[in-house]
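Beneath this line is the structure, given in structure tokens, with notes to follow.
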Amino acid sequence: MLTRSFFLKILSGALIFGAWEYAGRTGVNYALPTFLESMKALFDMTMSGLIFEAYADTLRPLAVGVFISSFIGIGIGVWVGLSEKFDWLVSPIFIIMQAAPLAALIPLLIMAYGIGLTSKVFVVCIMAMPVIVLNTSVAVKNTPSSVKEMARSFLGTEKDVILKIIIPAASPVIFAGLRLGVSAGFIGAILAELKITPTGVGDIISYSRMTADYPSMYAAIFSIILLAVLFLNLLEKIENFFFKGNNQGYIS
Amino acid sequence: YADKIRIALAETPSDELAAFFVALDRAKANGLDYEWTAFADEELAIQSILSGQMDIGFGTPYSAMQKSKAPIRIIFQLSKLKFFPVTTYDYNKLEDLNGEPILLHSRGGGTDSIANVIEDKLNMKFGDRSYISGSSNRVAALLAGQAKATIIDLSNKNKITASHGDQFHALPMFDVDASDEALFANLDWIKSNSADVDIFVKALLSVYRDMAKDPTMIRKETNPDGPIGELPEEVLSELDGFYADAVAGGLYDINGGGELAANADMEWYHKAGQLTGDFGDLDINDFWYLKPLQDAN
Amino acid sequence: MYLFGYKLPGMSSLILWGLLWEFLGQIEVSFFLPPLSAIFNTLLEIYNSKAFVRALYETGYSFLAGIFFAVFIGIPTGILMGKNRFLDELLLPWVNVFMSAPLTALVPVLMVLFGFGLKSIIITTTLFAIWIIILNSRAGVMQINRSLVDMANSFGASPIDAFIKIYFWAALPEILGGVRIGFIRAVKGVIIAQLLISIVGFGALFELYSSRFLMTHFWAVILVLFALAFTLSELLGMLARRVDYYASKRSQ
Amino acid sequence: MSDQTTDNAVSVKNIYKNYGEIEALRDLSLDFPNGQLTSLLGPSGCGKTTLLKIIAGLLPATQGEVFVNGSLVTKPGPDRAFVFQDFALMPWASVLRNVAFGLELRGVNKNEREDIAAKYIKDVGLVGFENSFPHELSGGMRQRVGLARALSVDSPVLLMDEPFSAVDEQTRRKFQEDLLNLVKNENKTFIFVTHSIEEAVYVSDQIAILLPRPSRVSEIIKPKGFRNKDVDSIRKDREYLDTVESIWKSLRTYVE
Amino acid sequence: MSDQTTDNAVSVKNIYKNYGEIEALRDLSLDFPNGQLTSLLGPSGCGKTTLLKIIAGLLPATQGEVFVNGSLVTKPGPDRAFVFQDFALMPWASVLRNVAFGLELRGVNKNEREDIAAKYIKDVGLVGFENSFPHELSGGMRQRVGLARALSVDSPVLLMDEPFSAVDEQTRRKFQEDLLNLVKNENKTFIFVTHSIEEAVYVSDQIAILLPRPSRVSEIIKPKGFRNKDVDSIRKDREYLDTVESIWKSLRTYVE
Ligand SMILES: Nc1ncnc2c1ncn2[C@@H]1O[C@H](COP(=O)(O)OP(=O)(O)OP(=O)(O)O)[C@@H](O)[C@H]1O
Ligand SMILES: Nc1ncnc2c1ncn2[C@@H]1O[C@H](COP(=O)(O)OP(=O)(O)OP(=O)(O)O)[C@@H](O)[C@H]1O
Ligand SMILES: [Mg+2]
Ligand SMILES: [Mg+2]
């Protein structure tokens, strides 16, 4: 029922935005603009084209980083899930990457890769990759063995088994990791813009915070969240499209 | 009986805050009860004052004061905007940087405003501005060859010219009297806690004056069990040098800024674009609350 | 991973990486990377200093509290979402929102709501860990064999029973995978929270050491954190291996 | 509904069941007399499992009602136990825990339920495998675990979905005997899905023959007397063979 | 090994198989003549599936060797196709894709393999369900998907693990006929696990009776002639019934 879920979304949205508006109006905090003020700022930015310019800058490292992390991340994750040796060797690296406070490493990155696109792509990858790798490897290890056996008996090559059995069977969990990875990538892109060189949306956020233009700051944050959510929904659509049978629906 | 006053620091306690903590200890001896919280950056400290979660903050909240219309006032200038253009030997004066890329702290921040004022005064224009927060990070970028010119603070300038004087030098700069860090609070709170504020301001003034005579008193008077005393030996051993440089470089105003600083600030931050509107319309009383300082002097 | 018939513990590959590090440190590739031995010396110097002990306590406390909430809210929420269409439709968009929101940007709002103290730090830690736990639990539940659910129902399982005895166990491999990654993320989360909200604990040490370029101190703290992340991850890994025997035997 | 007599342990009234486009059951009505064994025979995919699940209260009917001992079925109850076609074992639990699981859910304490489970494990011939896990068992052994679990809760009505499909003939015979003993001595009601006409004829009090999807009952046959005959000679018994043959013929006509 | 004659499509030599403590097969040897259908009959859990998987190259034997057409088996090969006891369908793939999967893995292009798959889907009576997913099918229908998949790759040797256990008698008869046609016209070799003595007697060229675990072959029976008899009257055929009975008797003695 598309209409019901749509209705629920609207309803819960209205509730949360209402609460935001209310909190903004009561003035508990000077730094919290109301929902409507923020939306107006967003509207202004859209009309002036500022937001598009900003995203033109932000999306580049984001897209490159997310693309790299998804493919390499799933690749490494599958490998880690399949090979005990490789697991032993590299998973500590990803655990470290996952746990490392990235902000502290940014100076190092700047030393190594300068202040341009490469560093930013790196930040996005460092953020996005570990969760993709770790989740993928768990899912791969848990692939039902009887289906794997079936594929082997029908002469599936190693590659067939991976591409046609393991990945589809693991896809629900891989996608859960992918979603987190992608959203971490969004965070990484903004972090890179805040910490390395302020460009794009990160620049709007930091500059408007500096100048206490809080509606613009929240508008920028809102827009990136919106974008991320849209992207994640797209990801879910892709998952459902490719692995429809995996979706048995809800239990109750 | 007053509650503990809650102080919002804009950075973690380190050598630059040693004098401040010495003053706090003196104030405590005079009956001021306090607790402090270190925030990630100035904006958060400002926000915490705006929202009333903290009492006294650390920073230069000019645009916040103008924009939010909250009754926030500065009561003491803690340090001046003493920043220095440091470049490779490719450049010998500020004008040489015309059209050249430069590395700054953050857009709209202190070094950015310095760059704006330099452009304004010398009628020039920097090239691309890149931003890396933290003077030490900019030094690292400089050393790594990622940039040729930047603006950094006094202690980092001294360090790099001492260690890599063959590669980098500081360009001559005009004097700046505007504030880098100042103490501010909500006006209502100041008025209702005037006794505490007075103790605090007096303690700060006394430390600044003693320090001007003998910079090593900071190290001597630092409480070994306090937040500064706990710093690693590597940092503590640099305290004397830091304060000697700072006093020599005029980083601290022994009168706590006051009207002089207020006017310098308004002019500076207006020029730098953080204060908007007509300069003639700016009113010192919208930004500073001078009474505690006047009383203390 | 086996070597000459001996089972190598999961973390032992770190020795290899450690040697590589020591080597890179000794040949001084960058002053950011001091030799591991120097870092250990520093660690021995500082580990019983007052500042370090306090930081350890503050960090440990917020960390444990943070993951406690992440686990005990995240797992049930994820299971319920996988099970109940209504809840899922209601919550999933918001899970996506929070997941993709740059947490850095949400922190100001948290501070407005919960103040600058420990509470906000704990909540931020929870926010870092909880989404992967929710999503993985949800993914795990959605692929449960329906017959098992029918079976439990046919024997009159109460909702609580079904929850504890079927859903939880059937999805356990995925849940554990999520918890493991959640824990690792929480290590990062607690530091970021300590850096963003009020600078305390290890966050403060980080800030101090990195801004002063005390690289051996800096890495010593990072090592402690990694050790924390590893220990937790290995403990959970051991648990996960105990369920491995059935993870891949689940028929669809 | 007051017109329910207690003669029928289970009574299915005008059940319809659609899965989206697919119409599985259409207007199916059937009574299951108390203390008797009723078999459902019908082509694969006709809706036998569906019907059983509706009776169990696991699946809502699109339309129609089911009564168990006179009361309307809306959800599973302790009066019915289910043997699943795909066994539905918990892969994380040992054979012992799997068998005891029904009792565990009914709150029987650990010692007691494990004693009961041990007895049924013995009955289905899995002694020695108490601590094995399902993936270490063969297909037939798994099926027997599911069977033992359903028997151990001692419900008056047993819904069995092809319970012997994976066990060997010998074991199957033994189970059939056990079943008949339960019918005779404990007055249990069985609803039994099978594909074996022979088995149906041998064990049933009545056999309901279902039509292909959308399914309803086409015929009810009441074989009798074979149960008391010698197990070994029955394979050649004329009357028995005739009954099997006639059912076979009638099934063939439906399935074109 | 040169002593392999091509008369035997598959030949199993002194196989042992232990699962940890459990000894499943002990010194089992058996030949499967080319173009014939051999049934394996034996108590549940005796190791039939294990043997089939070893022949398929899916499981290593603890000791012993298997030859297919004279060459040693070390891994699965295009000469063998497997019908799994637990169906082993891919839940994320439609019926059509599941059936075509064996061909997909052999690199047959999409149109062609879907045509072939469609033919076998029709053969197993699943027309109309091409785009359904496994969780939307009944047990017997799932089994038929697995069957169609194995048939569609057209291997000379078919390993079938209780392939008809979940389908109705009618369908089963049809499949048996189809099987026999394949044996006759296409000279395929079948290794067939079943629990139905009747089925084994009807379809087999030879029946190997396995002992309980640790298993080996106790007896080989070669029924003959029943295949050509009328399907309908065979149920009452004396000779047929005698053969069934004798196997039944001998099975009983082993299983005490
Ligand atoms: N979840 C489902 N979604 C859609 N269709 C379903 C679902 N479950 C069953 N069906 C359809 O309902 C019909 C009846 O299924 P059911 O499982 O009741 O058959 P059955 O008589 O038990 O068959 P079998 O003897 O093969 O087990 C089948 O055609 C099947 O495709
Ligand atoms: N993975 C395993 N681990 C341990 N034991 C196993 C495993 N697989 C099978 N076994 C044991 O090996 C024996 C033979 O199993 P197998 O599946 O080959 O039996 P089967 O003859 O196919 O039985 P059925 O007719 O019930 O399917 C059983 O006793 C079983 O417990
Ligand atoms: Mg069924
Ligand atoms: Mg088997």
Side-chain angles (χ1 to χ4, degrees), chain A residues 4-5 8-9 12 16 23 28-29 31-32 84-85 87-89 92-93 95-96 98-104 107-108 111 130-131 134-135 138-139 141-146 172-173 175-177 179-180 183 186-187 190-191 194 205 221 224-225 228-229 232-233 246-252, chain C residues 1 8 10-11 13-14 17 30 32 82-85 88-90 93-94 96-97 99-105 108-109 112 131-132 135-136 138-139 141-144 146 149 173-174 177 180-181 184-185 187-188 191-192 195 206 210 218 222 225-226 229-230 233 244 247-252:
Chain A
R4 191 186 75 156
S5 78
L8 277 177
K9 273 180 200 157
S12 60
I16 300 247
V28 282
N29 185 318
L32 183 69
E84 219 179 329
K85 281 202 191 78
D87 184 13
W88 176 82
L89 191 64
I93 299 296
I95 293 176
I96 285 186
Q98 181 76 267
L102 181 69
L108 222 154
M111 290 277 283
V131 70
L134 295 177
N135 237 33
V138 169
K141 285 179 198 159
N142 295 348
T143 309
S145 50
S146 79
V173 178
F175 268 87
R179 279 197 241 168
L180 271 158
S183 73
F186 271 80
I187 297 174
I190 298 297
L191 199 67
L194 290 175
I205 294 176
I221 295 174
I224 188 92
I225 294 180
V229 169
L232 292 179
N233 275 326
N246 268 345
N247 189 351
Q248 310 178 37
Y250 300 93
I251 288 169
S252 55
Chain C
M1 172 73 185
L8 298 174
M11 307 200 279
S13 68
L14 283 179
W17 294 109
S30 152
F32 275 103
K83 195 168 114 55
N84 185 300
R85 180 197 168 120
D88 195 43
E89 279 171 353
L90 196 68
W94 295 106
N96 281 340
V97 166
M99 201 174 74
S100 46
L103 288 173
T104 346
V109 182
V112 171
W131 312 114
I132 182 77
L135 280 180
N136 265 31
R138 174 179 180 269
V141 166
M142 291 194 73
Q143 56 177 0
I144 290 185
R146 293 304 185 268
V149 177
E174 283 78 15
R180 188 171 176 192
I181 299 172
I184 303 171
R185 282 170 62 89
V187 173
K188 170 153 70 185
I191 298 300
I192 291 191
L195 283 172
F206 259 132
S210 68
F218 174 80
I222 291 206
L225 284 178
F226 287 167
F230 265 113
S233 152
D244 269 354
S248 62
K249 306 294 178 185
R250 294 173 297 176
S251 51
Q252 296 290 320

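First the proteins, then the strands, lettered A, B, ... as listed; each starts at 1. Because the structure is predicted, anything quoted here is derived from the model rather than measured.
For the atom pair OG of C:Ser233 and CG of A:Leu134, the computed distance is 8.0 Å after rounding to the nearest 0.5 Å. Rounding to the nearest 0.5 Å gives a distance of 4.0 Å between CG of A:Asn135 and CG of C:Asn136.
Of the atoms belonging to A:Leu232, it is side-chain heavy atoms, and not backbone ones, that fall under 4.5 Å from chain C. Proximity to chain A (any heavy atom under 4.5 Å) is restricted, for C:Ile191, to the side chain, taken from C-beta onward.
Taking the side chain as every heavy atom from C-beta outward, A:Ile95 and C:Arg180 approach each other to under 4.5 Å. Counting heavy atoms from C-beta outward, C:Leu135 and A:Arg179 have side chains that approach closer than 4.5 Å.
The minimum heavy-atom distance between A:Trp88 and C:Ser13, with the atom names listed, is O-OG, 2.5 Å. Pairing each heavy atom of A:Pro92 with each of C:Leu14, the nearest pair is CB-CD2, 3.6 Å.
Highest contact tally toward chain C, considering only A:Ala176, A:Ser12, A:Pro172, A:Ala228, is held by A:Ser12 [criterion: heavy-atom pairs under 4.5 Å]. Interface check for chain C: of the options A:Val229, A:Val138, A:Leu180, the most heavy-atom pairs under 4.5 Å are formed by A:Leu180.
Partners of A:Ile93 by side chain to side chain contact (heavy atoms under 4.5 Å, CB included), not counting sequence neighbours, listed by chain and number: A:Met97, C:Trp17. Qualifying side chain to side chain donor-acceptor pair (under 3.5 Å) partners for C:Arg185, counting only residues two or more places apart in sequence or in other chains: none.
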Derivation of the side-chain contact (heavy atoms from CB on, under 4.5 Å) call for C:Val97 and A:Ile16: CA-CA 12 Å; C:Val97 166; A:Ile16 300 247; over 6 Å; no
Begin with the C-alpha distance, continue with both residues' side-chain angles, and end with the deciding distance and a verdict on side-chain contact (heavy atoms from CB on, under 4.5 Å) for C:Val187 and A:Gln98. CA-CA 9 Å; C:Val187 173; A:Gln98 181 76 267; over 6 Å; no
